[in-house]
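Below: the structure, in structure tokens.
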Number of protein chains: 2
Amino acid sequence: MDNKKVAVIFKAFCDENRLHILGLLRNGERCACNILEEMQITQPTLSHHMKILCDAGIVIGRKEGKWMHYSISNEGLKEAMVCLEHFRNDSECESGKSCCKK
Amino acid sequence: MDNKKVAVIFKAFCDENRLHILGLLRNGERCACNILEEMQITQPTLSHHMKILCDAGIVIGRKEGKWMHYSISNEGLKEAMVCLEHFRNDSECESGKSCCKK
DNA sequence: AAAACACATTGACAAACTTCTATATGACGC
DNA sequence: GCGTCATATAGAAGTTTGTCAATGTGTTTT
């Protein structure tokens, strides 16, 4: 996966308000109005954050009449974890052998 | 762990250049000059990104004479993964029972 | 059809971030 | 000590992000 896409995914976790929202969704689906009640932001700001979370694939939105219900995407989380896993250094090398013409 | 700290951790993965750096470190330790050679940025910019990566705990710096050697912190990565894990929704509820006075 | 409601979009502004040039720090070799 | 090399820091410019008030869109209710 290319870095641009990875950056978009992890932007989901870079803002305190978004982390708060994710914490709220941890126990299951919630509608936007319900999330809004527990936060100190305006409705357009919430809408902005939900878009970022959905674009990152971390949250899924489901429309039901005039309500939007949001929930964590476990697949999205898994994908993010795979990205992290990808950076693990398995060479587990003893330090001190890296580079530079000494 | 509080959200402010989590946000700092994940900022490490929000920039394409930093992701590129992490990709380079994937195969083991490298010194700064070595990383710089493979990137299209100036030395101060690299220094800036390395600081963000180190502050996030994702990269470890080791000074040896006038050289700085950087490597992935597997512990840091693990911590990040634990944060993601924390958001997983294990209620795995059937959708449609969430909220809102219908 | 009109009013009310839930949410999204637009546009403006401030704060934060990325990048650069210039300069400082600290280590090495002469 | 002096010049050189590797890296860090400071300060400035441009870009992106977070936030809000105002407005638009689509749905339900009366």
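All chains are named by letter (A, B, ...) in the order of the sequence lines, taking the proteins before the strands, and each is independently numbered beginning at 1.
- For the pair S71(A) and L25(A), the minimum side-chain heavy-atom distance is 4.5 Å or more.
- Regarding R62(A), its CZ atom lies at a distance of 17 Å from the P atom of dA6(C), rounded to whole Å.
- Scanning all heavy atoms of the two residues, the minimum distance from A7(B) to D15(A) falls at CB-N, 4.3 Å.
- In this structure, K63(A) places its NZ atom 8 Å from P of dG26(D), rounding to the nearest Å.
- From one end of the helix from dA1(C)-dT30(D) to dC30(C)-dG1(D) to the other, with five pairs defining each end axis, the axis direction shifts by 20° (rounded to 10°).
- Whole-Å rounding puts the R30(B) CZ to dT7(D) P distance at 13 Å.
- Listed candidates were dT7(D), dC28(C), dC7(C). Nearest to the side chain of K66(B) is dC28(C).
- What separates NE2 of H20(A) from P of dG18(D) is a distance of 17 Å, to the nearest Å.
- At whole-Å resolution of the value, CD in E37(B) and P in dA6(D) are 10 Å apart.
- The closest side-chain heavy-atom distance from E29(A) to R62(A) is below 4.5 Å.
- If you take CE of M50(B) and P of dT9(D), they are 13 Å apart, rounded to a whole angstrom.
- The 5' end of DNA chain D is approached more closely, in terms of each residue's nearest nucleotide, by Y70(B) than by the other of Y70(B) and G65(A).
- Atom NZ of K51(A) is separated from atom P of dT10(C) by 10 Å (rounded to the nearest Å).
- Closest approach of A12(A) to L22(A), counting heavy atoms only: O-CD1, 4.4 Å.
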Query raised in the report: What string of B, S and - do you get for nucleotides 16-23 of chain C, 5' to 3', when a contact is any protein heavy atom under 4.0 Å?
Result: -SSBBBB-
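- Rounded to whole Å, atom P of dT9(C) lies 10 Å from atom CE of M68(A).
- A side-chain contact (heavy atoms from CB on, under 4.5 Å) with L24(B) is found for one member of I72(B), N34(B), L19(B), I35(B) and no other, namely I35(B).
- Residues passing the side-chain hydrogen bond (donor to acceptor under 3.5 Å, both in side chains) test with R88(A) are E85(A), sequence neighbours excluded.
- Tracing side-chain contacts under 4.5 Å through hydrophobic residues (I, L, V, M, F, W, Y), one reaches L84(A) starting from M1(A); they form part of the same cluster.
- L77(B) and F87(A) make their closest contact through CD1-C, 3.7 Å (heavy atoms, listed as atom of the first residue, atom of the second, distance).
- Nearest heavy-atom pair, C54(A) versus Y70(A), reported as atom, atom and distance to 0.1 Å: SG-CE2, 3.9 Å.
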